[in-house]
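To start, the structure itself, in structure tokens.
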Amino acid sequence: MAKPTLSMKPTGWFQVAWSDQVSACAVHAMKYFGEEMVAWRSESGQVTVMNAYCEHLGAHLGFGGLVVGEVIQCPFHGWQWNAEGRNVCIPYQDRPNRGRRMRTYPVAERNQAIYIWHDVEGREPFFDAPDVFASFADGRSAADYYPQQRLFREALELHPQYVLENGVDFAHFKFVHQTPIVPVFTRHDFAAPISYVDFTITFEGDDQQSIEDVRSGVQAINGGLGIAVTKSWGMVDNRTISAVTPVDDSTSDVRFMVYIGRPNGKDAAKDSARAAAKAAEFGDEVIRQFTQDIHIWSHQRYSDPPALATAEYEGFTAIRKWAMQFYPADEKE
């Protein structure tokens, strides 16, 4: 299988864990962007993500490291490091080592997910990670929805950009998902690092005529290449988060989260067991359709330049031009 030709070290926010994987005073080991990392939650609840190897003698903090109050303690010699990656204690010396620092990453925690800011040039974040509720500014919150449903697929040979390009790909619905949906795009806004794609839904009838149904549609917000959040309105109230994070130079982890709206909004006590079951069933269907996309992406080769149909040109050209800002400078044309 051909590996992606795009850089696997783009700039942006990327999910590295779910919040419930890093409980209070817990240490979670992981690998992303070719680096061994740990996420740990202090006693006060703050999450820190840092490179995993202690600057003392290289012990991996994810295997035996302990959270002690607001610091993480190395399992080898007890050296303690704070949330800024600075050594604050050497237990057999009266002062810490102020000359060494462990690399830490900016962290955002929202929608039950932990995101880090990755940038090979070391720049600070220049846009926020999108929130599946707050970013749509419509007053809705997690309380209006059933509990989050999830998909996690590890180490797939795909690039985050494949997933983002799906947002402008109107033609795949019929052939990948076997659904008669034909999106009618009403917004392509790629003017900033956070981009927006909106469309209403048209259905294709048996004799291939279009049947307008402007009561249904989707709004998508792309926070760089790593996170896309959607709000669907009309047929079934649902919101989704897709998060694709490079593991190394050829593979990525894929996470997908779905929220289904409660029929009674925040008054969950009025929801019937039947309504909850139907919501879970619909969430499973949304996830099933996403796995159909994953099957394509994980066997896809990046085509550059692509052979586009006339109707595809505007969307694909805009999103690919927009995506270039997230790659290391020496890889840009």
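Note that the coordinates shown come from a computational prediction; the quantities given were computed from them, not determined experimentally. Any value given below was found using the heavy atoms of this structure, including those in side chains, with hydrogens, waters and symmetry copies removed.
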Using 0.5 Å steps for rounding, measure from the NE2 atom of H28 to the CZ atom of R41.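 That separation rounds to 11.5 Å.
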
Straight-line distance of M37 CE to H118 NE2, nearest 0.5 Å: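 Result: 6.5 Å between the selected atoms.
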
Where is the tightest heavy-atom contact between [X] and [Y], given as atom of each residue plus distance?
| X | Y | value |
| --- | --- | --- |
| M102 | N51 | CE-O, 3.0 Å |
| V132 | N111 | N-OD1, 3.0 Å |
| A39 | V49 | CB-CG2, 3.9 Å |

Pick from D284, V286, I241, L151: which one makes a side-chain contact (heavy atoms from CB on, under 4.5 Å) with V258?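 Option passing the side-chain contact (heavy atoms from CB on, under 4.5 Å) with V258: V286.
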
Is any side-chain heavy atom of [X] closer than 4.5 Å to a side-chain heavy atom of [Y]?
| X | Y | answer |
| --- | --- | --- |
| P75 | F63 | no |
| P106 | P125 | yes |
| Y32 | D253 | yes |
| V16 | Y115 | no |
| D293 | H177 | yes |

Please work out which of the three classes, parallel, tilted or perpendicular, describes the rings of [Y] and [X], given edges at 30° and 60°.
| X | Y | answer |
| --- | --- | --- |
| W322 | F326 | perpendicular |
| F256 | F290 | parallel |
| F170 | F185 | perpendicular |
| Y302 | Y162 | parallel |
| H56 | W79 | parallel |

Other residues, nucleotides, ligands: >12 heavy atoms within 6.0 Å of [X] [atom1]:
| X | atom1 | value |
| --- | --- | --- |
| R153 | CZ | no |
| E124 | CD | no |
| E285 | CD | yes |
| R100 | CZ | no |
| H172 | NE2 | yes |

Are the charged groups of [X] and [Y] less than 4.0 angstrom apart, N to O?
| X | Y | answer |
| --- | --- | --- |
| R320 | E165 | yes |
| K9 | D249 | no |
| R262 | D271 | yes |

Which pairs with one or both residues in residues 304-319 pass side chain to side chain donor-acceptor pair (under 3.5 Å), sequence neighbours excluded?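 Of all non-adjacent pairs touching residues 304-319, none passes side chain to side chain donor-acceptor pair (under 3.5 Å).
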
Restricting to pairs with a member in residues 260-285, which pass ring pair (Phe, Tyr, Trp, His ring centres under 6.0 Å), not counting sequence neighbours?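 Checked against ring pair (Phe, Tyr, Trp, His ring centres under 6.0 Å) - neighbours excluded - no pair reaches residues 260-285.
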
Sequence neighbours left out, cut at 3.5 Å: what donor-acceptor pairs do the side chains of residues 217-232 make with other protein atoms?
unit_1 : atom_1 : unit_2 : atom_2 : d
N222   : ND2    : S195   : OG     : 3.1
T230   : OG1    : T240   : OG1    : 2.5
K231   : NZ     : D138   : OD2    : 2.9

